[in-house]
Amino acid sequence: MLRTAASAATGSIANTLAINGDRLMQMMTDVGAIGALPNGGVRRLAFSPEDRQARQLVQSWMETAGMTVTIDAAANIIGRYEGRFPHAPALATGSHLDTVPNAGIYDGTYGVLAGVEVARTLYEQGIRPDHPIEVIVFADEERTMIGSKAMAGKASLEPNFYDHPHYEPIEMGLSFIGGNWSQLPSARRDTDGLAAFVELHVEQGPVLEAADNPMGLVTGIVGQRRYLITIDGSASHAGTTPMPMRQDALVAASEIILAVNRIGNKTGDGYGDQVATVGAMKLSPNVANTIPGRVEMTLDIRDLSNQRLDAMISELEEVMGAIATQTHTQISLKPQLRNEPVPVNSHIYNAIAQVCDQLQLPVQPLPSRASHDAQIIASITDMGMIFVPSQDGISHSETEYTTPEHCIQGANILLHTLLKLDQHYRCPEEVTALKKKSKV
Ligand code: HGY
Ligand code: MN
Ligand code: MN
């Protein structure tokens, strides 16, 4: 017998409905084994065979959870659990399965699998919400965010925008996991197809643990800008080239890295929350007895304020101009990614807070200093985020860890938040039906 979400969400919420915690943690272990590294970490780069394998496994679990599964042109997997009103906008959740080169098993994967477990719980309990519930696996969150950007209609349609010395062309990557570059614009969703998007994620930072491990009520997501910095000097003999005659690209790069660090550490005048990182570098020809002629390196800056991000970039451009003159090199800055800082929607924030209160879980409001697909999807629908604590605040590392208890608590918060939002957003058909009834 199918029950409506309203009937499932009434009564004392704390002891009615709960996800199957053992099954969630088993799914985490199974996906964590795909791309497992000898050091206990995981490598599941976007568009890799491991990425494809994990996606296929999750798709099979979605089908077991009574969901229909589609893949859009941006290779986003969309699992859909039908509601009572099939034409109503969907309540969506999800995250990503791709990882950084040396990752833990929680970043992204946890939010995807918790969403699948929520749908399976509703399916097994015979609960049919008013709205369809969708679980989305976004393509390539860690580098280009092309999945969520295409869904929000914000992806660059220039393939070379995604070019990077370490990765294959975007067209190949997408088709390897079921996408289709030539149809990319078709991945865009119109705003009335989604009622809300709620992402569940590990905090990846130290704040919740320092506050004795409450659940995280995310207030907003920082803005992020990522660039490829290229420095061109002149590769010449390390023995015969006098120091004053050198155009050493690595010396210029080192000066830039120290300037980035200085800007990241600025305080006063509103500064203090920003971060700035050079995380990857490739130099050539990269041999002991030749002066480096070229350096390519990444720049990643983040802050809750766009004005401060603008100011940081203009300060850095000025400094790079001076370094180029001083070192007789050419320096260029190519934008690779830009995410706007976004606040969460207050009614979703309040729904999460009410559910935590009803489940008697302590909470802590905090901004997300990591980027997430949620901040891209925020441009086409209402958005909220739930965090669970990260042990030692570590992520993007093999020592990333969140306790099973926190994982299960977070998934139950997601379950009940979606049921609460199911009541919050009225379905158009339901409103029509109610109106008709009242006319009788
Ligand atoms: O970079 C980030 O914040 C995310 O992990 N992709
Ligand atoms: Mn993530
Ligand atoms: Mn990440």
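For clarity, every value in this text was computed on a predicted model and none was experimentally measured. Counting starts at 1 for both ligands and their atoms, in listed order.
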**Asked** In a check of salt bridge (charged side-chain N to carboxylate O under 4.0 Å, His left out) between Asp303 and each of Arg308, Arg225, Arg369, which one passes?
**Response** Arg308

**Residue-ligand contact Arg226/ligand 1, heavy atom below 4.0 Å** = yes

**Message:** Assess the residue pair Tyr425 and His347 against the criterion (ring-ring contact (aromatic ring centres under 6.0 Å, His included)); give the C-alpha distance rounded to whole Å, side-chain angles, the decisive distance to 0.1 Å, and a yes or no.
**Reply:** CA-CA 10 Å; Tyr425 293 95; His347 54 267; 5.6 Å; yes

**Asked** Got an N/O contact under 3.5 Å between Gln224 and ligand 1?
**Response** no

**Request:** Mark yes or no: Arg143 above the aromatic ring of Phe47, with NZ or CZ under 6.0 Å from the six-membered ring centre and no more than 45 degrees from the axis.
**Result:** no

**Request:** Below 4.0 angstrom from a heavy atom of Ala370, which ligand 1 atoms are there? Numbered from 1 as shown, please.
**Result:** 3 (O)

**Message:** Below 2.8 Å, can you find an N, O or S atom of His396 next to the Mn ion (ligand 3)?
**Reply:** yes

**Message:** Could you check, using the six-membered ring where one of them is a Trp, whether Phe138 and Phe197 have ring centers closer than 6.0 angstrom?
**Reply:** yes

**Request:** Considering only NZ, NE, NH1 and NH2 on the basic side and carboxylate oxygens on the acidic side, decide whether Asp300 and Arg226 come within less than 4.0 Å.
**Result:** yes

**Prompt:** Taking the N/O/S atoms of Asp107 one by one, which is nearest to the Mn ion (ligand 2)?
**Reply:** OD1

**Asked** Would you say Glu141 has an N, O or S atom lying under 2.8 Å from the Mn ion (ligand 3)?
**Response** no

**Close N or O approach (Glu142, ligand 1; < 3.5 Å)** = yes

**Item:** Name of the Glu142 atom (N/O/S only) found closest to the Mn ion (ligand 3)
**Value:** OE2

**Item:** Pair Thr121, Glu117: side-chain N/O donor-acceptor within cut-off below 3.5 Å
**Value:** yes

**Request:** Would you mind listing which atoms of ligand 1 come within a distance below 4.0 Å of any non-hydrogen atom of Ser371?
**Result:** 2 (C), 3 (O), 4 (C)

**Asked** Can you tell me the protein heavy atom closest to atom 1 (O) of ligand 1 and the distance?
**Response** Arg302 NH2, 2.8 Å

**Item:** Contact flag His372/the Mn ion (ligand 2), N/O/S atoms, threshold under 2.8 Å
**Value:** no

**Message:** Less than 4.5 Å apart, side chain to side chain, heavy atoms only: is that true for Ile376 and Asn339?
**Reply:** yes

**Asked** Under 4.0 Å between a Lys/Arg side-chain N and an Asp/Glu carboxylate O for Arg128 and Glu82?
**Response** no

**Heavy atom of His396, distance to ligand 1 below 4.0 Å** = yes

